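Note on naming: letters A, B, ... go to the chains in the order of the sequence lines (proteins, then strands), and numbering restarts at 1 for each one. Just so you know, these numbers come straight off a predicted model, no measurement behind them.
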Amino acid sequence: MTDSTTLQRVVNRRLPGLRWPGTRDHPNPMSKHNFFREHITSRIAKVSDLPAEQAARVLEIPPDPKLGEYAFPCFLLARQRKSPPPKVASWLASQLLCDDVVEAVTAQGPYVNFRLTASSLASRVLPEIATTQAGYGRSDLAATIVIDFSSPNIAKPLSIGHLRSTVLGNALGRVFRHLGAKVVGINHLGDWGTQFGYLVTGWRRWGSEEELTRDPIRHLFEIYVLANASEDPAIKEEARATFKAMEEGDQPSLALWQRFRSLSLQVFGRFYEDLGVTFESQDGEAFFNDKMEPALALLAEKGLTTVSDGALVYPMGPEKKPALLKKSDGSTLYLTRDLAAALYRLKTYAPDKVLYVVGMPQKEHFRELFTMLAALDPANKDRFVHVDFGQYRFAEGKMSTRSGNVIFLEEVVARGVEMAKVKIEEKNPDLEDRETTARLVALGAIVFGDLVNDRVKDIVFEWEKVLDFEGDTAPYVMFAHVRARGILRKLAEEGVEPDLARLQPGLLGHEHERRLMVALGQFPETLDTVARTLKPHTLATFLLELARTYHRFCHDCPVLKAEPGLKESRLILTHAVATVLSLGLQLLGIRAPDRM
RNA sequence: GCCCUCGUAGCUCAGUCGGAUAGAGCAACGGACUUCUAAUCCGUGGGUCGCAGGUUCGAUUCCUGUCGAGGGCGCCA
């Protein structure tokens, strides 16, 4: 019942700005329903005969908030009227009178700037947040979205490289769920292949129950490395034979494999729990073992495959560049498994979109896969998206598992937690449950430090940066949240709770207060941008900006000691900020502590 | 050789649809805690947006070329 055009319809109605990679249209993200925007553009339309829709398309946010909340560039209008833009701007400004929404209309060069009244800002934004709470910014995107993410290899330790796919997929899933989509998270585990022949062979020679209990992944990895590095042809031969036997259902070997798999899942599970990562399915490559032949048959039926040098290939594009589906010895490949998996997912979940959160190096692989899927069914054309991302590297060069210069996730977390404990000792030694808070802070810093970067870029790994808790970091955002919670707590002790009935919107006219409200009002649009671009870093930078403004507010605008009326109003504002900071972090997979 | 991505302050990065004097953080220097947590705030210095063309009233943004970095290119995943 759902196909990509249905989604596009749904998306266009609900989120006009939502554009999926690979599509041609560039609808204006800012045209999303927004009271202030509509108010301003409808008034411009009334006096200038420029359609409101067109005015909305160019209405922008001024570079300096001092200029106002919105700005209308007059270049288009100027051309229509054959008159210089600054002249048109001052004419337009003179035609637009202030009202209870717009406090000042000023022409500045070719722009007309609009400054909103504090009372309209406050009465539009604050009640909405107060009533919707953690549901603020929710939408009803009626779509099913499958997200393939994290997908580590079993029996190997997680490295910092696994972090990207995991946190990106998690954040995207959370945002889409918030926007109303049904999200199917899939951990497509690397749990099959010749490597497991080596692992089982190695285990039979060097395996130790004791070591396996103590640190399963480390032990299995040692064995794997040992077996792989071995020059002994007998080991190589045994490994090959073992895997072949596994494929044919050899019970003793499969039992071992099953055990290693579940031990790995247990270890990964602790990390996923920390990050609030959940999956609807953890079916890995092995699961698709028996689903490849039918998939290949489907392709063959349509005459899409050919045989070349004894191998089964799919010829790509006009140059017929072959994508290899079956080796000349008859064994299958990564692409074959992904094809089977994709078809299975289509059948099982009937998704509108399937996102693969996988690194940039596999771009070509997905291009091949998506081309084949589109050839099978034209409806698949825009359904599949490779959410690609850059790699972690050192300033000196690349990380490489083989040469051993990798950073393991476990170590990053451990050092982060230690660092956070030192910081707590120094800043807030009376804090209860320091272990938990230190963990939240460290994990937040690591996750945020990743997500704050545009995913297409490589990330230079530096310990000092990962362990930094000041400046543009998760702890900075968390601390703003902690300050807000502190104020709420103090006032609660006085018996004062945030109460919309006591909001006096006209009093929140301080520059910091205005900026806070503007930012809070932009939260829903920010979520749409994340969904549209599949780039959570927009939300991360939004949160930094909101936190920064709130820290300034804390510095200059006392709540407890404010006059009656202003005090209650600032309390409501503080509550709204706390709500959005905590919600925003949560959508990134980060839990915000109440104290730190 | 062909294809993909990136290049913005000393360093790490933002910059929305092409729009106003290109913004943060770190590092450096100078200020602000008897006050709701100073993991904070304020100030100073720091830029040929890799380079050259093109499109445009207007380009960090779009196009072409070029240089630099990284990645990919039939029997790995």
Nucleotide nearest [X] (side chain, heavy atoms from C-beta), chosen from [options]:
X        : options             : answer
A:Arg483 : B:A20, B:U37, B:C6  : B:U37
A:Lys321 : B:C73, B:C36, B:U5  : B:C73
A:Glu60  : B:G74, B:A20, B:A77 : B:A20
A:Lys457 : B:A77, B:G7, B:G71  : B:G7
A:Glu364 : B:G72, B:A14, B:A24 : B:G72
A:Ile424 : B:G15, B:C36, B:A39 : B:A39
A:Lys327 : B:C76, B:C36, B:U8  : B:C76
A:Tyr476 : B:C4, B:C75, B:C41  : B:C41
A:Asp468 : B:C26, B:C36, B:A77 : B:C26
A:Leu67  : B:C41, B:A38, B:A20 : B:A20

Rounded off to whole Å, could you give me the [atom1]-to-[atom2] distance for the [X] and [N] pair?
X        : N     : atom1 : atom2 : result
A:Asp556 : B:A38 : CG    : C1'   : 14 Å
A:Met360 : B:U5  : CE    : P     : 9 Å
A:Phe448 : B:C13 : CZ    : P     : 15 Å
A:Leu324 : B:C76 : CG    : P     : 8 Å
A:Leu516 : B:C36 : CG    : P     : 20 Å
A:Glu470 : B:U37 : CD    : P     : 18 Å
A:Tyr550 : B:C36 : OH    : P     : 13 Å
A:Leu560 : B:U37 : CG    : C1'   : 13 Å

Can you tell me if [X] touches the phosphate of [N], counting only side-chain N or O atoms and a distance under 4.0 Å to OP1 or OP2?
X        : N     : answer
A:Arg552 : B:C42 : yes
A:Lys363 : B:G72 : no
A:His551 : B:A39 : no

Can you check the distance between [N] and [M], where both ends of the measurement are the [atom1] atom (answer in whole Å)?
N     : M     : atom1 : answer
B:A24 : B:U40 : C1'   : 16 Å
B:C67 : B:C11 : C1'   : 23 Å
B:C3  : B:G74 : P     : 16 Å
B:G15 : B:C73 : P     : 30 Å
B:U44 : B:C6  : C1'   : 33 Å
B:C51 : B:G10 : P     : 13 Å
B:A22 : B:A14 : C1'   : 11 Å
B:A20 : B:A59 : P     : 11 Å

Note to self: Counting C-beta onward and ignoring hydrogens, is there a side-chain heavy-atom pair between A:Phe288 and A:Thr336 closer than 4.5 Å?
What the structure shows: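 No; the side chains remain at least 4.5 Å from each other.
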
Regarding [X], tell me which of base, sugar-phosphate or nothing describes its non-hydrogen contacts under 4.0 Å with the strands shown.
X        : answer
A:Pro62  : base
A:Glu285 : sugar-phosphate
A:Arg337 : sugar-phosphate
A:Phe469 : base
A:Cys74  : nothing
A:Val559 : base
A:Gly190 : nothing
A:Pro361 : sugar-phosphate
A:Lys490 : sugar-phosphate
A:Asn453 : sugar-phosphate
A:Arg595 : base
A:Lys326 : nothing
A:Val460 : sugar-phosphate
A:Ala71  : base

Checklist line | Donor-acceptor under 3.5 Å (A:Ser264 side chain, A:Phe260 main chain) | finding: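 Checked: pair present.
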
Next item on the list: Without swapping roles, check the side chain of A:Asn187 against the backbone of A:Leu189 for a donor-acceptor pair under 3.5 Å.
Entry: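 Side chain of A:Asn187 to backbone of A:Leu189: no pair is present.
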
If you measure from the Lys or Arg side-chain nitrogens to the Asp or Glu carboxylate oxygens, is any gap between [X] and [Y] under 4.0 Å?
X        : Y        : answer
A:Glu545 : A:Arg515 : no
A:Asp472 : A:Arg548 : yes
A:Glu364 : A:Arg367 : yes
A:Lys66  : A:Glu511 : no
A:Glu470 : A:Lys423 : yes
A:Glu426 : A:Lys421 : no
A:Arg570 : A:Glu563 : no

Margin query: Using O4'-C1'-N9-C4 for purines and O4'-C1'-N1-C2 for pyrimidines, with syn meaning within 90° of 0, is B:C33 syn or anti?
Written below: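 Here B:C33 takes the syn form, which means its glycosidic angle is within 90° of 0.
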
Check: Starting at the 5' end of RNA chain B, which residue's closest nucleotide do you reach first, A:Ile459 or A:Asp594?
Finding: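 Closer to the 5' end of RNA chain B: A:Ile459.
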
Next item on the list: Between A:Asn113 and A:Pro475, just flag the one whose closest nucleotide in RNA chain B comes earlier from the 5' side.
Entry: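 In this pair, the answer is A:Asn113.
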
Item checked: Pairing string, 5' to 3', for RNA chain B - Watson-Crick or wobble contacts under 3.5 Å, brackets [ ] where pairs cross, | to another strand -> (((((((..((((.....[...)))).(((((.......))))).....(((((..]....))))))))))))....

Check: Is the closest side-chain donor-acceptor distance between A:Tyr550 and A:Thr574 under 3.5 Å?
Finding: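 Distance-only check passes for A:Tyr550 and A:Thr574.
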
Item checked: Stacked cation flag A:Arg261 on A:Trp192, 6.0 angstrom / 45 deg ->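 Negative - A:Arg261 is either too far from the ring of A:Trp192 or too far off its axis.
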
